[in-house]
Amino acid sequence: MSTIAARGDAPLPEADLVAGLRRGDPLCTSTFVRTYGGPMLSVARRMLRHDEDARDCVQEAMIQALRQIDGFEGRAALRTWLHRIVVNRALMRLRARASRAEDSLDQLMPQFDHTGHLIGPTEMPEVSIEDLIEQNDVRRMVRAAIDRLPDGMRTIILLRDVEGYDTEEVAGMLGISTGAAKVRLHRARNALRKLLEPVLLGRAP
Amino acid sequence: MSTPPQITCREFQDFLLDYCEGQLGDEPRAVFEHHLARCPMCRVHFETYLKAIELGRRVLAEDDPDAPADLPEELVEAVLAARAVGGGEPP
């Protein structure tokens with residue numbers, strides 16, 4: 001059984017923590033907020049890219065979770081349940097934002113000649129992901145590339161490739177069909193690929 | 001065994017996501033892999049596509065090095081205060 005480390009106390013089994021939250025126990029509430037708040041803030045920051053927005057999002061998500069704790073059925077870990085709540089809260093905030101049109105990224109999509117052949121390089125250097133990821137400059141370029149994506153593209157990459165939801169779950173969270181989610185995910189990955197091409201082909205400045 | 005039907009690079013793109021997600025049946029997968037083996041441009045595209053996904057995933061999964069690991073204390077207090085008064089209904 002999963003346990004929660006209450007500060008200065010013996011680890012608390014998750015079921016006991018949930019029971020305490022349902023009773024409104026102040027110590028359990030404090031332990032809950034301090035234990036899960038940090039990871040939830042990381043998720044909100046990744047999605048919203050705005051510190052104040054992320055804090056507000058986590059505050060809303062925490063309050064929602066505490067109000068709905070009776071509905072937590074324990075089929076998934078508490079951390080998984082909370083992750084979904086904070087992701088949905090962040091999505092609500094993203095929907096309220098004006099987003100750059102994704103059409104403006106057409107130049108990042110694969111280009112073809114009149115016969116349908118891809119226009120692009122035919123060779124690439126042997127560079128491992130491990131070698132790339134160790135370079136601070138590369139990590140900065142990857143973050144910058146993702147930041148250049150419109151919210152809709154960045155969000156679907158985050159949900160699918162980072163937060164680990166499958167494509168059908170992502171479609172449900174975004175309120176779109178699975179087919180539309182696949183199209184958006186593929187465009188987002190292609191855009192990211194194009195933005196990172198100089199890094200991946202060893203041509204970064 | 002017969003040679004799989006030929007596809008264009010544009011058609012190859014239509015298969016790419018489903019191939020990566022393991023959702024192509026045997027026949028379209030063979031068609032995809034046949035093109036992949038013979039088209040150097042699509043091979044570079046495919047390898048950079050996979051590496052871009054992996055780089056994005058790995059870099060984003062790292063916590064922001066400038067971000068605090070714990071929830072700021074004022075935010076903890078705000079949640080606890082909202083809970084204590086039973087208010088703070090999120091919109």
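Basis for what follows: all heavy atoms, side chains included, without hydrogens, waters or symmetry-related copies. Naming convention: chains lettered A, B, ... in sequence-line order (proteins, then strands); numbering from 1 in each chain.
Looking at A:Arg139, its side chain does come within 3.5 Å of a backbone N or O of A:Ile133 through a donor-acceptor pair.
When each of A:Leu192, A:Asp166, A:Asn190 is scored by its heavy-atom pairs under 4.5 Å with chain B, the top score falls to A:Asn190. Your options are B:Arg57, B:Gln13, B:Glu11, B:Glu54, and the one with the most heavy-atom pairs under 4.5 Å with chain A is B:Gln13. In terms of non-hydrogen atom pairs under 4.5 Å with chain A, the most contact-rich of B:Leu16, B:Thr8, B:Val76 is B:Val76. No other option in A:Glu197, A:His117, A:Arg193 has as many heavy-atom pairs under 4.5 Å with chain B as A:Arg193. Comparing A:Leu185, A:Val58, A:Val199, A:Ile129 by how many heavy-atom pairs each has under 4.5 Å with chain B, the most go to A:Ile129.
Open room surrounds CD on A:Glu123; 12 or fewer heavy atoms of other groups in view lie less than 6.0 Å from it. Heavy-atom contacts from other residues, nucleotides or ligands closer than 6.0 Å to NZ of A:Lys194 number 12 or fewer.
Scanning residues 35-48 of chain B against chain A with a 4.5 Å heavy-atom cutoff picks out B:Pro40, B:Met41, B:Cys42, B:Val44, B:His45, B:Glu47, B:Thr48, ordered by number.
With values rounded to the nearest 0.5 angstrom, A:Phe32 atom CZ is found 5.0 Å from A:Met62 atom CE.
B:Glu33 is not listed as a side-chain neighbour of B:Phe15, based on a closest heavy-atom distance of 4.5 Å or more. Residues A:Leu200 and B:Tyr49 form no side-chain contact, since every pair of their non-hydrogen atoms from C-beta on lies 4.5 Å or further apart. Counting heavy atoms from C-beta outward, A:Thr35 and A:Leu17 have side chains that stay 4.5 Å or more apart. Proximity of A:Met141 to A:Gln135: side-chain heavy atoms (C-beta onward) are nowhere separated by under 4.5 Å.
When heavy atoms are compared at a cutoff of 4.5 Å, A:Leu196 approaches chain B solely by way of its side chain, counted from C-beta outward. For a residue to count as touching a neighbouring chain, one of its non-hydrogen atoms must lie under 4.5 Å from one of that chain's; by this rule A:Val43 does not touch chain B. Using a 4.5 Å cut-off between heavy atoms, A:Gln59 contacts chain B through both its backbone and its side chain. Residue A:Glu163 does not touch chain B at all, counting heavy-atom pairs closer than 4.5 Å. Only the side chain of A:Leu201 comes within contact range of chain B, with heavy atoms under 4.5 Å apart. Heavy atoms closer than 4.5 Å to chain B are found in the side chain of A:Ile146, but not in its backbone. Interface residue B:Leu75: only side-chain heavy atoms are found under 4.5 Å from chain A.
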Quick one, A:Asn88 with A:Gln64, criterion side-chain contact (heavy atoms from CB on, under 4.5 Å). Give me CA distance, side-chain angles, the key distance, then yes/no. CA-CA 11 Å; A:Asn88 280 331; A:Gln64 179 183 340; over 6 Å; no
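Here the closest non-hydrogen pair linking A:Asp106 and A:Gln111 is O-NE2, 3.5 Å. The heavy-atom pair separating A:Lys182 from B:Asp18 by the smallest distance is NZ-OD1, 2.8 Å.
Partners of A:Arg140 according to the salt bridge (Lys or Arg N to Asp or Glu O under 4.0 Å) rule, which considers only residues two or more places apart in sequence or in another chain, are A:Asp137.
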